[in-house]
There are 2 protein chains.
Amino acid sequence: MDTSIICPRFETAISLLSQRWTGLIIYQLLSGPQRFSHLTEVIGISGRLLSERLKNLEVQGLVTRTVYPETPVRIEYALTEKGHSLKPVMDEIQNWSQTWIDPA
Amino acid sequence: MDTSIICPRFETAISLLSQRWTGLIIYQLLSGPQRFSHLTEVIGISGRLLSERLKNLEVQGLVTRTVYPETPVRIEYALTEKGHSLKPVMDEIQNWSQTWIDPA
DNA sequence: TATAATTAGTTACATAAAGTAACCTTTAGA
DNA sequence: TCTAAAGGTTACTTTATGTAACTAATTATA
């Protein structure tokens, strides 16, 4: 019987990234704060799921939601420092994909 | 209207890693070839899903399945070069988790 | 004033994926 | 012959995701 266990912190991190759309949302926000509707268009995610994912990411401290009381109201989502610090992860995925994934 | 689109190769790569358990399986196999039952124990995945995931990973060229006709038969799953080349991605996730995830 | 448009969502319902537990097959040993 | 172990598969339940229609607030337009 092998008692070795996967590192719990790694497991938490990868379960976060294993949630559908979450990685893509973070990747997209790496290029700067963006609005709800822009995210739905670029990522191809429904409003229902984007809303749900952004709420989770806010709770986990990866994303902030800022309301600009203009007309019409503007709401922007941006990465926190914690969120932004996933850039090296995204860079490595990008890097891997360039070598190993066939161009569509 | 913004026509910017997320890089298709990146999207393919992250959809692979976004599939539940897949990242964890690859991570676990980075420490060497392993048997089916060992993977289920260490990862905490059911046989049904492990079987399904390993088949997909085989098809995608990330994992090999080797049968050793001993008694009892031994079957080992191992990473291919393509699979192993995800190590830098996993290292960055590990790295991020050490800084940003609270110890359980 | 009523109508329409835009943004940022929410709700209700259908489909697909994941979780759970029991079962099957092969080989070997008691 | 009966039991055990490895490596799965099957049937069924629960959860997650996809889809489309709807809402609320604000402003522009007829």
Side-chain angles (χ1 to χ4, degrees), chain A residues 1-4 6 11-12 14-29 32-60 62-79, chain B residues 1-4 6 11-12 14-29 32-60 62-79:
Chain A
M1 188 65 147
D2 190 330
T3 46
S4 77
I6 291 175
E11 220 174 317
T12 301
I14 206 155
S15 78
L16 198 152
L17 295 171
S18 289
Q19 196 169 107
R20 200 164 198 172
W21 301 113
T22 299
L24 225 43
I25 292 168
I26 292 167
Y27 173 80
Q28 182 60 30
L29 286 177
Q34 285 161 64
R35 304 174 73 170
F36 191 92
S37 56
H38 184 243
L39 288 171
T40 62
E41 280 165 29
V42 174
I43 298 178
I45 185 180
S46 69
R48 185 174 94 56
L49 281 185
L50 181 58
S51 176
E52 193 178 304
R53 290 297 186 271
L54 287 171
K55 274 179 199 162
N56 286 342
L57 289 171
E58 235 189 307
V59 168
Q60 291 174 304
L62 290 153
V63 162
T64 56
R65 179 183 188 269
T66 307
V67 179
Y68 297 93
E70 305 167 355
T71 50
V73 67
R74 181 166 52 101
I75 294 167
E76 282 195 343
Y77 292 92
L79 293 178
Chain B
M1 189 64 144
D2 189 331
T3 47
S4 76
I6 291 174
E11 221 173 318
T12 301
I14 206 156
S15 79
L16 198 152
L17 294 172
S18 288
Q19 196 171 111
R20 202 161 198 174
W21 301 113
T22 299
L24 225 42
I25 293 168
I26 292 167
Y27 173 80
Q28 182 59 30
L29 287 177
Q34 285 160 63
R35 304 173 73 169
F36 190 91
S37 55
H38 184 242
L39 288 171
T40 61
E41 280 165 29
V42 174
I43 298 177
I45 186 180
S46 69
R48 185 175 94 59
L49 281 185
L50 180 59
S51 175
E52 193 179 303
R53 290 297 185 274
L54 287 170
K55 274 180 199 162
N56 285 342
L57 289 170
E58 236 190 306
V59 168
Q60 290 173 305
L62 290 152
V63 162
T64 56
R65 178 181 190 271
T66 308
V67 179
Y68 296 93
E70 305 167 354
T71 49
V73 67
R74 181 165 53 101
I75 294 167
E76 282 195 341
Y77 292 92
L79 293 179

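These figures come from a predicted structure and were not determined experimentally. Each chain gets a letter, A, B and so on, in the order the sequences are listed, and its residues count up from 1.
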> Hey, does the side chain of S51(A) come within less than 4.0 Å of dT10(C)'s phosphate (OP1/OP2), counting only N and O?
Replying inline: yes
>> Whole angstroms only, please: what is the CD1-P distance between I45(B) and dA17(C)?
In response: 15 Å
> Could you give the distance from CZ (R35(B)) to OG1 (T40(B)), rounded to the nearest 0.5 Å?
Replying inline: 11.5 Å
>> Closest approach to the side chain of R53(B), judged atom by atom: which nucleotide of dA18(C), dG8(D), dT19(D) is it?
In response: dA18(C)
> From the list dT17(D), dG8(D), dG19(C), which nucleotide is the closest neighbour of the side chain of R20(B)?
Replying inline: dG19(C)
>> Rounding to an integer number of Å, can you tell me how far L49(B) CG sits from dA11(D) P?
In response: 17 Å
>> Looking only at the side chain of W21(B) (C-beta and beyond, no hydrogens), which of the listed nucleotides dG19(C), dG8(D), dG9(C) gets closest?
In response: dG19(C)
>> To the nearest 0.5 Å, what is the distance between OG1 on T22(A) and CG on L62(A)?
In response: 9.0 Å
> To the nearest angstrom, how far is L50(A) atom CG from dT19(D) atom P?
Replying inline: 15 Å
> Of all the nucleotides listed (dT17(D), dG9(C), dA18(C)), which has the minimum atom distance to the side chain of I75(A)?
Replying inline: dG9(C)
> Base, sugar-phosphate alone, or nothing: which one does Y77(A) contact when heavy atoms must sit under 4.0 Å apart?
Replying inline: sugar-phosphate
>> Distance check needed: dA8(C) P versus R74(A) CZ, whole Å only.
In response: 9 Å
> Which nucleotide in the set dG18(D), dA8(C), dA18(C) lies at the smallest distance from any side-chain heavy atom of S37(A)?
Replying inline: dA8(C)
> Hey, are the side chains of I75(B) and F36(B) touching, using non-hydrogen atoms and a 4.5 Å cut-off?
Replying inline: no
> Expressed in angstrom and rounded to an integer, what is the separation of E58(B) atom CD from dG7(D) atom C1'?
Replying inline: 14 Å
> Among dT20(C), dA18(C), dG8(D), which is the nearest nucleotide to the side chain of F36(B)?
Replying inline: dG8(D)
> What integer distance in Å separates E41(A):CD from dT6(C):C1'?
Replying inline: 12 Å
>> For dT9(D) and K55(B) - does any side-chain N or O of the residue sit under 4.0 Å from the phosphate oxygens OP1/OP2?
In response: yes
>> Looking at every heavy atom in both Y27(B) and I6(A), which two are closest together, and how far apart are they?
In response: CE2-CG2, 3.7 Å
> Given that G47(A) and V73(A) both sit by DNA chain D, which one's nearest nucleotide is further toward the 5' end?
Replying inline: G47(A)
>> Using whole Å, what does the distance between atom P of nucleotide dG7(D) and atom CZ of R65(B) come to?
In response: 9 Å
> In Å, rounded to the nearest 0.5 Å, how long is the span from CG of L39(A) to CD of E76(A)?
Replying inline: 10.0 Å
>> Between P on dA16(C) and CD on E52(B), what's the gap in Å once rounded to a whole number?
In response: 14 Å
> Within the structure, does a side-chain N or O atom of R48(A) lie under 4.0 Å from either OP1 or OP2 of dT19(D)?
Replying inline: no
